[in-house]
Amino acid sequence: MKTSQILISTQKEAPNDAQIISHQLMIRAGLVSKLASGLYSYLPMGLRVLQKVEKIIREEMNKSGAQEVLMPVAQPAELWQESGRWDEYGAELLRFSDRHGREFCLGPTHEEVITHLAAQYLRSYKQLPMNFYQIQTKFRDEIRPRFGVMRSREFIMKDAYSFHLDANSMQAEFDKMHATYCAIFTRLGLDYRPVLADSGSIGGENSIEFHVLSESGEDAICFSDNSNYAANIEKVAFSKQACIDTPSAIEEKVPTKKKTSIEEVAQFLHIKEADCVKTLIVKTKNSFKALALRGDHELNEIKVQNLFGEFEFASDEEIKSLNLKKGFIGVKELTIDLIVDYSASVLCDFVCGANEWDYHLVGVNWNGIEFVEADLRNAVEGDASPDGKGKLVVRRGIEVGHIFQLGDKYTKAMNANVIGESGKAVTTLMGCYGIGVTRVIAAAIEQNYDDRGIIFPASIAPFQLVIVPINYNKSTRVKALADELYQQCLDAGIEVLLDDRKERAGIMFAESELLGVPHRLVLSDTHADNGNVEYKARNNPEKIEVRFDDALSFMQSKIR
RNA sequence: CGGGGCGUAGCGCAGUCUGGUAGCGCACCACACUGGGGGUGUGGUGGUCACAGGUUCAAAUCCUGUCGUCCCGACCA
């Protein structure tokens, strides 16, 4: 293609609302255009990238034996009522009525529709297992869309759903999808990790997320430095530890005027935050609970939720009504249940609030205090790996894929049965497997850029090669060479972009680099004289001269 | 939904405090020069100052309300 035939709309400055690199670069390179909060148009250059990602996913899914289908975006409320999610899903589900007053929603996911299809068309165990997938637009009315296409309201997802007669078959497909996802993300050129995950509200036991490693990721993920263990931070489970130290101090009340945070108290008393215990008050469905953590640890809200169900932090007024002094709450003489994190319950001679304004207790020990122990905290760098091998390293990740074993959650509710070998109806089991297609693009950019712009992995770049002729419109010799080379590349099936505009060299260089085209050939009058062309790779500052006659085979060797 | 910020040309911003002709840079158009790293010059195009009320002789500027948008927290591919 020639640049004069495709919309190229680059900007030097990114809009103010683009906060992260991928968003800024996607706007600056003219890949996407914002229509409204969380809604983006894909411009021609961006669509090329999107279609390349889709192609790779489609090829690997097909290779795995999955079958492509396409389901509607608009879905009738009855299906969601049948599964129970019409009431459960909340405001993220965009609902609307048609002209007859019938209720619908825009599909945020498609378990209901596919299960309905399975109930209709899967009749016999002999048909199983089967895996259906689609690449399609989803709509989730996110509370806070952000980061461009990373968290948008309308986005494209590859979602797959498999149906099975038994758990072994479901597990086998899960493993197959695991391998397929690895193949996909490898082909996409991403540095990714599969990690253990909490399956959240979707349900099921076994769940693995695929994360692209990036500082801008919204999730924290933990790895062992000495084994294959990897998990989302919210999933890292700790068990009860053995006590190492023995109590030796005598408890004492010390004045800590206005030192309300752990950091201030630790500094003031010249002790480590890890030698303090902080006490948080939460409100569960029908009672208040005090949660005690080591000073340097953070509460894991998912773990709390798994213990007590929905909860929220107590308000200042509620804390006051419990006769507690915010900033100076301790673990002694509490009138509500006390739950102590495993790593706090093994502390000796620690510091905590005195339940009295401007006082803390030092040299506190647990004997005589009534409490239960639980796993309440997030992992931190340096924790022992739960598999017993090595220590945990914490990194940021962008979730680009997630695979689940749903079991019979939907198939039971929606009566997706087959006739089994025995002649009786059997509820099928279900797996589900998602990839955020549009998010993959943003993630790829987060991982591959420099101060000049995007450095696309070759597999998803909008073009493989750009030919930059200098003085194309003035030098007939340059034009002839450039046109010849361009035609050779086209004939050889290379996705080549010829910059035929009447622009200065600097602009052509800057734009192709911003766009992240992996390979570049430059032609000038000098080259017309010496029979060479100049080659440069986007990810390497080195420029090399190649014989014009060898240019095509040289490029073929680079691109294959 | 709670807390905070911002809405002036396609993008980045000044002007708002202290009311008095709507401005700058980039981009875009024309011409000339230039021609291997977003070049230079001259001349242009483009704005109901988010919207609606109010105060005033006069409102981008002051007041009230609404909407949009972004950031920080709880959900997710």
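Because only heavy atoms are used, hydrogens play no part in the values below, and waters and symmetry mates are left out as well, while side chains stay in. Protein chains get the first letters and strands the later ones, always in sequence-line order, with residue 1 at the start of each.
Atoms CD1 (A:Ile435) and C1' (B:C76) sit 16 Å apart, rounded to a whole Å. Rounded to an integer number of Å, the gap from A:Ile156 CD1 to B:A77 C1' is 12 Å. If you measure from atom CD1 of A:Ile20 to atom P of B:C71, you get 9 Å, rounded to the nearest angstrom. A:Arg501 has its CZ atom 13 Å from the P atom of B:A27, to the nearest Å. Between the NZ atom of A:Lys474 and the P atom of B:A32 there is a distance of 10 Å, rounded to whole Å. Put simply, NE2 on A:His23 is 13 Å from C1' on B:C71, counting in whole angstrom units. B:G73 atom P lies 15 Å from atom CD of A:Glu142, rounded to whole Å. Atom-to-atom, CD of A:Gln24 to P of B:C11 comes out at 15 Å; the value is rounded to the nearest Å.
With a 6.0 Å cutoff to the six-membered ring centre and a 45° limit on the axis angle, A:Arg520 counts as a cation-pi contact of A:Phe509. A:Trp86 carries A:Arg95 over the face of its six-membered ring, with the cationic atom under 6.0 Å from the centre and within 45° of the normal. Stacking of A:Arg140 on the aromatic ring of A:Phe155 is not recorded, the 6.0 Å distance cut-off and the 45° axial limit not both being met. Cation-pi contact between A:Arg395 and A:Phe223: absent, since separation from the ring centre below 6.0 Å together with deviation from the ring axis within 45° is not met.
Base pairing of B:G2 is made with B:C72, judged by Watson-Crick or G-U wobble geometry with both donor-acceptor distances under 3.5 Å. Pairing for B:U40 is with B:A32, a Watson-Crick or G-U wobble pair whose two hydrogen-bonding atom distances lie under 3.5 Å. When both pairing distances are held under 3.5 Å, B:C13 makes a Watson-Crick or G-U pair with B:G23. Across all strands shown, nothing is found opposite B:A58 as a Watson-Crick or G-U wobble partner with both distances under 3.5 Å.
Side-chain contact, A:Asn131 with A:Gln67: no donor N or O sits under 3.5 Å from an acceptor N or O. Looking only at atom types and distance, the side chain of A:Ser214 has no donor-acceptor partner in the side chain of A:Gln447 under 3.5 Å away.
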Would you check, one step at a time, whether the test ring-ring contact (aromatic ring centres under 6.0 Å, His included) holds for A:Phe185 with A:Phe210?
-> CA-CA 9 Å; A:Phe185 293 125; A:Phe210 289 78; 5.6 Å; yes
Worked verdict on A:Glu111 versus A:Tyr410 for side-chain hydrogen bond (donor to acceptor under 3.5 Å, both in side chains) | CA-CA 7 Å; A:Glu111 281 84 6; A:Tyr410 297 95; 4.9 Å; no
Might you list the N or O atoms of the protein lying below 3.5 Å from N or O atoms in nucleotides 39-50 of chain B, with each pair's distance?
residue, atom, partner, partner atom, Å
B:G39, N7, A:Arg504, NE, 3.2

Please tabulate, one pair per line, each protein N/O and nucleotide N/O from nucleotides 68-70 of chain B that are separated by under 3.5 Å, including the distance.
residue, atom, partner, partner atom, Å
B:U69, OP1, A:Ser37, N, 3.1
B:U69, O3', A:Lys34, NZ, 3.2
B:C70, OP1, A:Lys34, NZ, 3.4
B:C70, OP2, A:Ser37, OG, 2.9

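Remark: side-chain polar atoms of A:Glu154 are not paired, donor with acceptor, to backbone N or O of A:Tyr40 under 3.5 angstrom. In this structure a side-chain-to-backbone donor-acceptor pair under 3.5 Å is missing from A:Arg452 to A:Arg538.
Where A:Ala14 and A:Glu513 meet RNA chain B, the nucleotide closest to each residue was compared, and A:Ala14 sits on the side nearer the 5' end. Remark on RNA chain B: of its neighbouring residues A:Arg520 and A:Arg151, the 5'-side contact belongs to A:Arg520, judged by nearest-heavy-atom nucleotide.
Nucleotides B:G3 and B:C49 have their C1' atoms positioned 28 Å apart, rounded to a whole Å. Look at the P atom in both B:C24 and B:C63: the space between them is 28 Å, to the nearest Å. Rounded to whole Å, the C1' atom of B:G15 lies 34 Å from the corresponding atom of B:G2. A gap of 8 Å separates the P atoms of B:U61 and B:A50, to the nearest Å. As rounded to the nearest Å, B:C71 and B:C26 have C1' atoms that lie 26 Å from one another. Comparing B:G39 with B:G20, their C1' atoms sit 41 Å apart, to the nearest whole Å. On the P atoms, B:A77 is 46 Å away from B:C62, given to the nearest whole Å. B:C75 sits 28 Å from B:U66 when the C1' atoms are compared, rounded to a whole Å.
A:Ser152 comes within contact range of at least one nucleobase, with a heavy-atom separation under 4.0 Å. In this structure, A:Leu514 reaches the bases: a heavy-atom distance under 4.0 Å links it to at least one base atom across the strands shown. Here A:Thr10 lies in heavy-atom contact (under 4.0 Å) with a base. Across all strands, A:Ala510 comes closer than 4.0 Å to base atoms (heavy-atom distances). Among the atoms of the strands shown, none is found under 4.0 Å from any heavy atom of A:Asp141. Across all strands shown, A:Val437 has no heavy atoms under 4.0 Å from either base or sugar-phosphate atoms. A:His527 comes within contact range of at least one nucleobase, with a heavy-atom separation under 4.0 Å.
With hydrogens and angles left out, the side chain of A:Gln11 and the base of B:G10 share no donor-acceptor pair within 3.5 Å. With hydrogens and angles left out, the side chain of A:Glu503 and the base of B:G38 share no donor-acceptor pair within 3.5 Å.
With sequence neighbours left out, A:Glu399 forms a side chain to side chain contact (heavy atoms under 4.5 Å, CB included) with A:Glu209, A:His211, A:Asp219, A:His402, A:Arg439.
Between A:Lys235 atom NZ and A:Asn300 atom CG the span is 11.0 Å, to the nearest 0.5 Å.
The side-chain ring of A:Phe509 is not stacked on the base of B:G36, judged by centre separation under 5.5 angstrom and plane angle under 30 degrees.
For A:Glu301, the listed nucleotide lying nearest its side chain is B:A74; candidates were B:A77, B:G37, B:A74.
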